[in-house]
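Data block below; observations after.
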Amino acid sequence: MRDAYHEELDSIGDSLVDMARLVGSAIGRATTAILDGDLKLAESVIEGDQRVDELHHDLEARAIALLARQQPVATDLRIVVTSLRMSADLERSGDLAQHVAKLARLRYPANAIPHDLHATVLEMGQLAQRLMAKAAEVIITKDVDLALQLEQDDDEMDLLHRTIFQHLLDDRWKHGIETAVDVTLLGRYYERYADHAVAVAKRVVFLVTGEHADDLQPDIQPVTGAEGA
């Protein structure tokens with residue numbers, strides 16, 4: 001019985017990794033869809049979010065069943081409760097990728113993003129995908145140092161988000177109110193997506209250490225210059 005119990009705990013972890021990989025792929029494809037005005041790709045992201053929702057609901061059901069049957073305590077209880085929260089973060093990340101794809105679909109055949117913001121949006125999409133890939137690695141490895149590093153990586157997303165607003169507030173903005181609203185929403189989607197990736201990593205820190213990530217002081221220096229290339 002105990003072997004089956006721990007296999008079920010492991011399978012919950014596997015489902016979290018699957019969700020992280022799916023939503024990581026989704027944000028990458030959604031970014032391509034909105035930059036290229038690719039309706040078919042946007043539709044595939046929108047439809048694919050159903051699989052993330054299914055994994056979330058299945059994980060939730062299994063975790064609740066474990067709580068009811070096994071009444072876990074200490075570390076095992078922390079695993080189950082933290083997994084539920086990570087699953088919610090990942091499900092929301094999938095929704096945000098879907099929002100990007102829906103914006104691409106809404107503006108098709110026009111391109112939702114002005115050409116002068118393509119590079120910034122591409123960078124945001126690539127960064128979002130990298131953050132979620134790191135979050136998946138953290139779930140697998142339980143690497144606390146890597147988990148803590150994600151918050152520093154997220155600072156780059158915040159800078160890109162501010163760049164979006166600098167464009168919008170520039171007197172030379174010539175793309176109209178509708179595009180300004182689209183770009184504002186898009187920047188928020190990426191910023192929130194990154195926040196959820198960071199939240200997943202922080203929950204792994206709590207899972208491993210029993211302490212909140214904000215209470216720990218990582219000895220990590222930000223990567224700058226040629227080292228960050």
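Hydrophobic clustering places V23 together with I27 (ILVMFWY residues linked when any side-chain heavy atoms are closer than 4.5 Å, directly or through intermediates). Taken together through direct or relayed side-chain contacts under 4.5 Å among Ile, Leu, Val, Met, Phe, Trp and Tyr, L185 and L122 form part of one hydrophobic cluster. By the criterion of side-chain heavy atoms lying less than 4.5 angstrom apart, applied directly or through intervening Ile, Leu, Val, Met, Phe, Trp or Tyr residues, V17 is grouped together with L146 in one hydrophobic cluster. Put simply, V181 and L186 are part of the same group of oily side chains (I, L, V, M, F, W, Y) that touch within less than 4.5 Å, one to the next. By the criterion of side-chain heavy atoms lying less than 4.5 angstrom apart, applied directly or through intervening Ile, Leu, Val, Met, Phe, Trp or Tyr residues, M157 is grouped together with I113 in one hydrophobic cluster.
Ion pair K40/E43 not flagged as a salt bridge, since none of the NZ, NE, NH1 or NH2 atoms sits closer than 4.0 Å to an Asp/Glu carboxylate oxygen.
Across A112 and T179, no two heavy atoms sit closer than the pair O-CG2, 3.9 Å. Minimum heavy-atom separation, I46 to A101: CG1-CB, 3.8 Å. The two atoms that bring I139 and K142 nearest to each other are O-NZ, 2.6 Å, heavy atoms only. M124 approaches G187 most closely through the heavy-atom pair CE-O, 3.9 Å.
In this structure D170 satisfies the side-chain hydrogen bond (donor to acceptor under 3.5 Å, both in side chains) test together with R172, sequence neighbours excluded. Here H57 pairs with nothing under the ring pair (Phe, Tyr, Trp, His ring centres under 6.0 Å) rule; sequence neighbours left out. Under the side chain to side chain contact (heavy atoms under 4.5 Å, CB included) criterion, L9 pairs with Y5, H6, L66, D76, I79, V80, not counting sequence neighbours. For D158, there are no side-chain hydrogen bond (donor to acceptor under 3.5 Å, both in side chains) partners at least two apart in sequence or on another chain.
Using a 4.5 Å heavy-atom threshold, the side chains of L160 and V121 count as separate. No side-chain heavy atom of P109 sits under 4.5 Å from any side-chain heavy atom of L39. Between L148 and V144, the closest side-chain pair of non-hydrogen atoms falls below 4.5 Å.
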Output, in order, the C-alpha distance, side-chain angles, deciding distance and verdict of side-chain contact (heavy atoms from CB on, under 4.5 Å) for H167 and I164. CA-CA 5 Å; H167 277 271; I164 291 279; 5.9 Å; no
Checking S25 against R21 for the side-chain hydrogen bond (donor to acceptor under 3.5 Å, both in side chains) test, could you report, in this order, the C-alpha distance in whole Å, the side-chain angles of both residues, the deciding distance, and whether it holds? CA-CA 6 Å; S25 172; R21 287 173 174 165; over 6 Å; no
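Rounding to the nearest 0.5 angstrom, the gap separating the CG atom in D10 from the OG atom in S15 is 11.0 Å. Distance CE/M86 to CD1/I12: 10.0 Å, rounded to 0.5 Å. Note: E91 CD to E60 CD = 9.0 Å, rounded to the nearest 0.5 Å. If you take CG on L150 and CG on D155, they are separated by 11.0 Å, rounding to the nearest 0.5 Å. With rounding to the nearest 0.5 Å, the separation of OG1 in T163 from CG in L117 is 9.5 Å. For the atom pair CG of L90 and CG of L55, the computed distance is 10.0 Å after rounding to the nearest 0.5 Å.
Pairs of residues two or more places apart, or lying in two chains, that qualify as side chain to side chain donor-acceptor pair (under 3.5 Å) and include a residue from residues 77-87 are H56-S87. Residue pairs meeting the side chain to side chain donor-acceptor pair (under 3.5 Å) criterion with at least one partner in residues 181-191, sequence neighbours excluded, are T31-Y190, R107-D182, R188-E191. Applying the ring-ring contact (aromatic ring centres under 6.0 Å, His included) test to residues at least two apart or on different chains, the pairs with a partner in residues 127-163 are H161-F165. Screening residues 7-49 for ring-ring contact (aromatic ring centres under 6.0 Å, His included), with sequence neighbours left out, gives no hits. Within the structure, the ring-ring contact (aromatic ring centres under 6.0 Å, His included) test picks out no pair touching residues 17-49 (sequence neighbours left out).
Annotation for Q50: atom CD does not count as buried by contact number, only 12 or fewer foreign heavy atoms lying within 6.0 Å. Taking a 6.0 Å sphere around CG of L169, one finds it holds more than 12 heavy atoms contributed by other residues, nucleotides or ligands.
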Going by atom type alone, with no hydrogens or angles, which donor-acceptor pairs under 3.5 Å involve a side-chain atom of residues 194-210 and a protein atom two or more places apart or on another chain?
unit_1, atom_1, unit_2, atom_2, d
D195, OD2, R192, NH1, 2.9
H196, ND1, D89, OD1, 3.0
K202, NZ, E151, OE2, 3.4
K202, NZ, D214, OD1, 3.0
R203, NE, D89, OD2, 2.7
R203, NH2, D89, OD2, 3.3
T209, OG1, V205, O, 2.7
T209, OG1, E211, N, 3.0
T209, OG1, E211, O, 3.3

Validation: residues 125-138 side-chain donor-acceptor distances under 3.5 Å, sequence neighbours left out:
unit_1, atom_1, unit_2, atom_2, d
K134, NZ, Q149, OE1, 2.9
K134, NZ, D153, OD2, 2.5

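Between H118 and H115, the angle of the ring planes lies from 30° to 60°, which puts this pair in the tilted group.
L41 belongs to no hydrophobic cluster, as no Ile, Leu, Val, Met, Phe, Trp or Tyr side chain comes under 4.5 Å of its own.
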